[in-house]
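Lettering of chains follows the sequences in order, A, B, ..., and the numbering in each one begins at 1. Small disclaimer: the values here were computed from a predicted structure and weren't measured.
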4 protein chains.
Amino acid sequence: MKDGTGNAKGVARPKRADARRNEKSLLDAAAAVFVTSGVEAPVRDIAARAGVGTGTIYRHFPKRADLILAVYRHQVEACAEAGPELLASSPSPHAALRQWIGLFVDFLVTKHGLAAALQSDSADFETLHASFLDRLLPVCTRLLDAAARAGEIRSDVTAYELLLAVGNLCIGAEHNPRYEARRMVALLIEGMRLPAQG
Amino acid sequence: MKDGTGNAKGVARPKRADARRNEKSLLDAAAAVFVTSGVEAPVRDIAARAGVGTGTIYRHFPKRADLILAVYRHQVEACAEAGPELLASSPSPHAALRQWIGLFVDFLVTKHGLAAALQSDSADFETLHASFLDRLLPVCTRLLDAAARAGEIRSDVTAYELLLAVGNLCIGAEHNPRYEARRMVALLIEGMRLPAQG
Amino acid sequence: MKDGTGNAKGVARPKRADARRNEKSLLDAAAAVFVTSGVEAPVRDIAARAGVGTGTIYRHFPKRADLILAVYRHQVEACAEAGPELLASSPSPHAALRQWIGLFVDFLVTKHGLAAALQSDSADFETLHASFLDRLLPVCTRLLDAAARAGEIRSDVTAYELLLAVGNLCIGAEHNPRYEARRMVALLIEGMRLPAQG
Amino acid sequence: MKDGTGNAKGVARPKRADARRNEKSLLDAAAAVFVTSGVEAPVRDIAARAGVGTGTIYRHFPKRADLILAVYRHQVEACAEAGPELLASSPSPHAALRQWIGLFVDFLVTKHGLAAALQSDSADFETLHASFLDRLLPVCTRLLDAAARAGEIRSDVTAYELLLAVGNLCIGAEHNPRYEARRMVALLIEGMRLPAQG
DNA sequence: GATGAATGAGTGTTCATTCAT
DNA sequence: AATGAATGAACACTCATTCAT
């Protein structure tokens, strides 16, 4: 019955006020450290940055994946929600796909190590991998399907491989001024396009 | 300044036969372990596999990057040499580019962790990154230029970003049957193509 | 000087009803957890089981020994009280001693870790040790004296060493089906016996 | 083919000279620390006392049980070997048993925490428990059998429970001047005696 | 040159205890 | 009074790297 996190409005205990504040600063610190040292940064570093003890991190996020997940949840969510909207408002499904992938790239490119972590085969990161995919895969699939049905892109590319490919293309982009992930991703998307039918 | 091969400047004393033999078995062992545990595998594992002490590895390859470099030198070399050949024998520069990139992918995809290591910003891996690029960049540039001059591909993609992009696309491919790096790379190359001029 | 029960000197303010209720549930929880995880079980576990915060435990029982003491007080008390009764009702002092030791063993054997804790030299457990002894030593002494005076047992065994010996013999018994503490204690008691005088 | 330890005389690599010296000082340090803080003393403490790094301890003794075992191996061995000798030289099997148990007590009583560790149910200590028993059980069994066959003691006490009981009786003896383990053990042994047959 | 023993910093993780709410 | 969040010392263990033999 304990609820570690959510409990939006209901009968939530009042105490959570300071804890929530603390959790927020934890998330901020983690995000900052992740940018600098990657998502595998030592727990101590994150704790130090947040000005808390290491135990506090473990209390809030028992597994590392929990922390990473929490750090990026909002952004993943925003990205996921943008999918249908773009599909509705764009001139073509392919344009929607391109824009949506653009959002995904914007998100990943600033998360040093995230893309790499998503590739880690460590048991600890499988959850992470899965959670990201759970939310994003359906959205991407729908965009892909729409574009394929419209005859704009080939239909043999799965959302899974596309997301992984895009994720990979973002690795290392942040620290490398000579490597522009967005351009590379654009090429990839362009490579999926089918010639307009006469 | 240290050079793992003992090959300083021009006066290199020819390495003793047994030392060379030793180095060879070191390389074989490292290659094998890299496949299993990635290029960041513990030094001890490699030493054990080679049947030598850890100190021996450090003598031959002071920095980890030296070892990785040595392990893959032959293959990088072969890849580099294939560039001009493909350009000469292929029906078009773009085809040559595609095939050459294919060789590069073949190489990377079977090297667990190599692609990831190439992206590491650790000072230790910068050498690695640089060495690979030193040899491959000119080759790739020449292929790119040829294809661009032939009007087959856009001319705003540098060899540097292309190699990085392809390298990135290969990350994690080995252990993931649902992710086919070659397909993704093919899309990228396809995305560079320019419509044939009337 | 601190006394976990809040019962200082003589002016003890009667504890509030709810506090007493709380303390009772604490004791029950602790007893249950002690059985499962030993008397050194994490405070959190006990608190969780009791449905209270850890702070509450510390309020009621500042030191771990206080808690252990409180948990077993009733049983120690019952054991102590049984001494004189047995002496009065048994056919011989030695029989009374044997039975009383039996009660003590029954008590200890089911308290995972208690016997071990009584032996711990940690400052924290000295209190525990002392408290148990305070109550039980006089009782045991009286039984021993009676049996010795009756010529049934040797008179050079002190209650202190007997209690410790019996306590020790109980260590580890609970989890070891091949080790029957009661049998070993019986041998010890038997070993104290003096041959009946012609 | 690697031999981590033994290899007494044969073709042993020469290098082991300093390592052996080091291992000896490790053992001495461990023994000293065990006396002070018990066999569960922090690895760091032992390392510090021996003047080595923690890694050195792990190299020589991967598991804690290995260290404990090594520390006490000689003494266990000596104890085991004394069994048959005592049986041969003592006036009666019971006397031999008594003396042998005396040796066992002498050994245990000075090893703070050993007896307790032998009782630990931690997986890590099972090995320890088993190793001690492996060596001592047969010896004790033989003494017990001889005494039982001679009609001097009851035959329903197993070597296993006797050793455990004696071990338990030794717990805490070193630091407690008021508790004399030897006396208590003597009582136990006495308690096994059978009245001489007419 | 080769060896592998030694080193010790670095890291994850647990848990008793304190204290703001 | 009760709560439980926060703290941080403590500990086991790993592994890159050095260096005596």
**Student:** Taking CZ from C:R49 and P from F:dT3, how many angstroms apart are they, rounded to a whole number?
**Tutor:**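 So the two atoms are 17 Å apart, to the nearest Å.
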
**Student:** Should the ring pair B:F34 and B:Y72 be called parallel, tilted or perpendicular, given that the plane angle runs from 0 to 90° and is split at 30 and 60?
**Tutor:**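 Tilted, since the angle between the ring planes falls between 30° and 60°.
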
**Student:** Of the options F:dG4, E:dA6, F:dC11, whose atoms approach the side-chain atoms of A:R44 most closely?
**Tutor:**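 Nearest to the side chain of A:R44 among the choices is F:dC11.
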
**Student:** To the nearest 0.5 Å, what is the distance between CG on B:L128 and CG on B:L67?
**Tutor:**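 It comes to 10.0 Å.
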
**Student:** Compare side-chain N and O positions of D:N22 against OP1 and OP2 of E:dA5 and report whether any pair is under 4.0 Å apart.
**Tutor:**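 No, no such contact exists.
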
**Student:** How long is the span from the CG atom in B:D66 to the OG1 atom in B:T127, to the nearest 0.5 Å?
**Tutor:**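 Spacing of CG (B:D66) from OG1 (B:T127) equals 7.0 Å.
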
**Student:** Atom CD1 of D:I57 and atom C1' of E:dT7: how far apart are they, to the nearest Å?
**Tutor:**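 Spelled out: CD1 on D:I57 to C1' on E:dT7 is 12 Å.
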
**Student:** Rounded to whole angstrom units, what separation is found between the CD1 atom of A:I68 and the P atom of E:dG12?
**Tutor:**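 Value for this atom pair: 11 Å.
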
**Student:** Please report, rounded to the nearest Å, how far the C1' atom of F:dA12 is from the CD atom of D:E40.
**Tutor:**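 Interatomic distance, CD of D:E40 to C1' of F:dA12: 13 Å.
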
**Student:** Could you tell me the separation between the CG atom of C:L67 and the P atom of E:dT17, rounded to a whole number of Å?
**Tutor:**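 It works out to 12 Å between those atoms.
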
**Student:** Does A:R59 make a side-chain donor-acceptor contact with the base of F:dA5, cut-off 3.5 Å?
**Tutor:**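 It does, because a donor-acceptor pair links the side chain of A:R59 to the base of F:dA5 below 3.5 Å.
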
**Student:** Report the base-pairing partner of F:dA1 (Watson-Crick or G-U wobble, both distances below 3.5 angstrom), or none.
**Tutor:**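 Because no pair has both required distances under 3.5 Å, F:dA1 counts as unpaired.
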
**Student:** If the cut-off is 4.0 Å, is B:H60 near the phosphate of E:dG1, judged by side-chain N/O to OP1 or OP2?
**Tutor:**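 No, B:H60 has no side-chain N/O under 4.0 Å of OP1/OP2 on E:dG1.
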
**Student:** Report the residue (B:G55 or A:D45) whose heavy-atom-nearest nucleotide on DNA chain E is the more 5′ of the two.
**Tutor:**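 On the 5' side of the pair lies B:G55.
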
**Student:** Where the side chain of D:Y58 is concerned, which of F:dC13, E:dT13, E:dA6 is the nearest nucleotide?
**Tutor:**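 For the D:Y58 side chain, the nearest candidate turns out to be F:dC13.
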
**Student:** Quick check on DNA chain F: between D:P62 and C:T54, whose nearest nucleotide comes earlier from the 5' end?
**Tutor:**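 Taking each residue's closest nucleotide, the earlier one in sequence belongs to C:T54.
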
**Student:** In Å, rounded to the nearest 0.5 Å, how long is the span from CD of A:E23 to CD1 of A:I57?
**Tutor:**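 Result: 11.5 Å between the selected atoms.
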
**Student:** Calculate the interatomic distance between B:I46 atom CD1 and E:dG4 atom P; express it in whole Å.
**Tutor:**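 For the pair B:I46 CD1 and E:dG4 P, the rounded distance is 16 Å.
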
**Student:** Does B:D28 pair with B:K24 as a salt bridge, N-O distance under 4.0 Å?
**Tutor:**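 Looking at B:K24 together with B:D28, the answer is yes, because their closest N to O distance falls below 4.0 Å.
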
**Student:** Would you say D:T56 places a side-chain N or O within less than 4.0 Å of OP1 or OP2 belonging to E:dT7?
**Tutor:**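 So the side-chain polar atoms of D:T56 do come within 4.0 Å of the phosphate oxygens OP1 or OP2 of E:dT7, strictly under.
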
**Student:** Please tell me which of A:G51 and B:V43 maps to the more 5' nucleotide of DNA chain F, matching each residue to the nucleotide holding its nearest heavy atom.
**Tutor:**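 Upstream on the strand: A:G51.
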
**Student:** Taking the side chain of A:P42 as heavy atoms from C-beta outward, which of F:dA16, E:dT11, F:dA2 is closest to it?
**Tutor:**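 Comparing F:dA16, E:dT11, F:dA2 against the side chain of A:P42, the answer is E:dT11.
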
**Student:** Atom CG of A:D66 and atom C1' of E:dG12: how far apart are they, to the nearest Å?
**Tutor:**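 So the two atoms are 15 Å apart, to the nearest Å.
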
**Student:** Send over the distance from C:F61 CZ to E:dA16 C1', rounded to a whole Å.
**Tutor:**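 So the two atoms are 17 Å apart, to the nearest Å.
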
